[in-house]
Amino acid sequence: GFGVGEWAIAYLQAPRERLFGRLLAIEASGVTMHALDLESWDGWMAQWSHGESGPVRPSRQFIPMSRVEKLLADEDSSEIPSLARQFQQRTERTIGEAFGAAGMAGR
């Protein structure tokens with residue numbers, strides 16, 4: 001299992017979205033994350049690989065539980081590295097540094 005403070009991917013419905021970020025709270029009413037829409041992921045990594053930290057930035061988001069389809073830990077698999085590892089390999093920075101630069105202390 002995983003919980004608050006961990007990196008996660010949230011699959012949402014109505015409308016369909018995928019968010020990546022750090023879990024801040026998990027409650028019966030919903031999930032709070034400091035997150036970035038995965039539609040912006042490649043552009044955000046490109047910014048960081050060029051030494052820029054904006055304009056795309058993660059933000060604090062509350063997602064009602066009725067929208068949460070699934071919530072998965074961001075972990076390496078045998079075929080695909082985690083998003084955090086992909087970010088570090090491409091930018092030579094940690095995901096915690098990037099989220100910290102967006103106003104969220106990271107690890």
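Keep in mind the model is a prediction, meaning the values are calculated, not measured.
Under the 4.5 Å side-chain criterion, counting only non-hydrogen atoms from C-beta, Ser49 is not in contact with Arg93. Arg22 places none of its side-chain heavy atoms less than 4.5 Å from the side chain of Ile95. Counting heavy atoms from C-beta on, the side chains of Val68 and Leu12 come closer than 4.5 Å. Contact of the Val31 side chain with the Met65 side chain is registered, since non-hydrogen atoms from C-beta on lie closer than 4.5 Å.
The aromatic rings of Trp41 and Trp44 are tilted relative to each other, their planes meeting at an angle between 30° and 60°.
Between the side chain of Gln86 and the main chain of Pro81, a donor-acceptor pair closer than 3.5 Å is present. Using a distance-only test at 3.5 Å, with no hydrogens or angles considered, a donor-acceptor pair links the side chain of Gln61 to the main chain of Ala35. Formation of a donor-acceptor pair under 3.5 Å by the Arg67 side chain with backbone atoms of Gln13 is found in this model. Judged purely by atom type and a 3.5 angstrom limit, Arg85 has no side-chain atom pairing as donor or acceptor with the backbone of Glu75.
Here the CD atom belonging to Glu79 is positioned 11.5 Å from the CG atom belonging to Asp76, to the nearest 0.5 angstrom. Between Glu97 atom CD and Gln88 atom CD the span is 8.0 Å, to the nearest 0.5 Å. The line from CD of Glu17 to CD of Glu69 is 12.0 Å long, rounded to the nearest 0.5 Å. Distance check, rounded to the nearest 0.5 Å: OG1 of Thr91 to CD of Gln47 gives 11.5 Å. For the atom pair CD1 (Ile9) and CG (Leu83), the distance works out to 4.5 Å, reported to the nearest 0.5 Å.
Across every non-hydrogen atom of Met33 and Leu23, the tightest pair is CG-CD2, 3.8 Å. The two atoms that bring Leu71 and Ala8 nearest to each other are CD1-CB, 4.3 Å, heavy atoms only. Residues Val4 and Ala25 approach most closely at CG2-CA, 3.9 Å, considering heavy atoms.
Heavy-atom contacts from other residues, nucleotides or ligands closer than 6.0 Å to CD1 of Ile80 number 12 or fewer. More than 12 non-hydrogen atoms from other residues, nucleotides or ligands lie less than 6.0 angstrom from CD of Gln89. Dense packing is recorded around CZ of Arg90, with more than 12 heavy atoms of other residues, nucleotides or ligands lying under 6.0 Å away.
Between Phe87 and Trp7, the ring center distance fails the sub-6.0 Å criterion.
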